[in-house]
Every structure is written in C-alpha cells, then in structure tokens.
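Notes follow the structure.
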Amino acid sequence: MVIPCDLAGGSSGGPWLAGFDAKSGLGTLVSVNSHGDSPDGSRTMSGPRFGAVAKAVYERAQRG
C-alpha cells in the first residue's frame with residue numbers, strides 16, 4: 001500500500017490503523033510504515049498489506 005506522506009527517518013514501523021476510534025484508542029492494524037519516498041521523487045510512504053498469515057501469527061502469539 002502507498003499513501004502520500006511527509007514523514008521522514010524514524011517513522012519506520014509506525015502503525016497504519018483502519019477503523020480508528022479516537023475516543024477508545026482502538027483500531028485494526030492493517031500495515032506499518034516500511035519505506036518512504038518513491039523513485040519518482042514524490043513524498044510517499046509504503047507498507048505491506050497485512051492479511052490472513054499476519055492474523056494467524058498474531059492469534060498464535062496471543063495463545064502463548
């Protein structure tokens with residue numbers, strides 16, 4: 001996934017949340033900041049789209 005973004009170094013690993021509720025502070029993690037700036041020089045941030053495998057890893061980690 002790619003979005004317009006002006007964040008710079010140090011933002012790697014920051015969460016991308018869907019359905020974020022500012023009141024509760026809850027949302028669904030769908031990606032993380034992974035790579036900034038595209039080859040054409042535009043200011044963008046890209047990250048992997050989390051899917052079924054990431055969900056399975058998370059659920060397994062929760063079980064201990």
Would you list the atom pairs, donor with acceptor, under 3.5 Å between side chains in residues 5-12 and any protein atom, with sequence neighbours excluded?
residue : atom : partner : partner atom : Å
Ser11   : OG   : Ala8    : O            : 2.9

Exercise answer: donor-acceptor pairs, residues 55-64 side-chain atoms, under 3.5 Å, sequence neighbours excluded:
none

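Alongside Leu17, the hydrophobic cluster contains Phe20, Leu29, Val32, Phe50 (criterion: ILVMFWY side chains under 4.5 Å).
The distance from the CH2 atom of Trp16 to the OG atom of Ser34 is 8.5 Å, given to the nearest 0.5 Å.
Between Met1 and Val30, the closest heavy-atom pair is CE-O, 3.9 Å.
Between the side chain of Ser31 and the backbone N or O of Pro48 there is at least one donor-acceptor pair closer than 3.5 Å.
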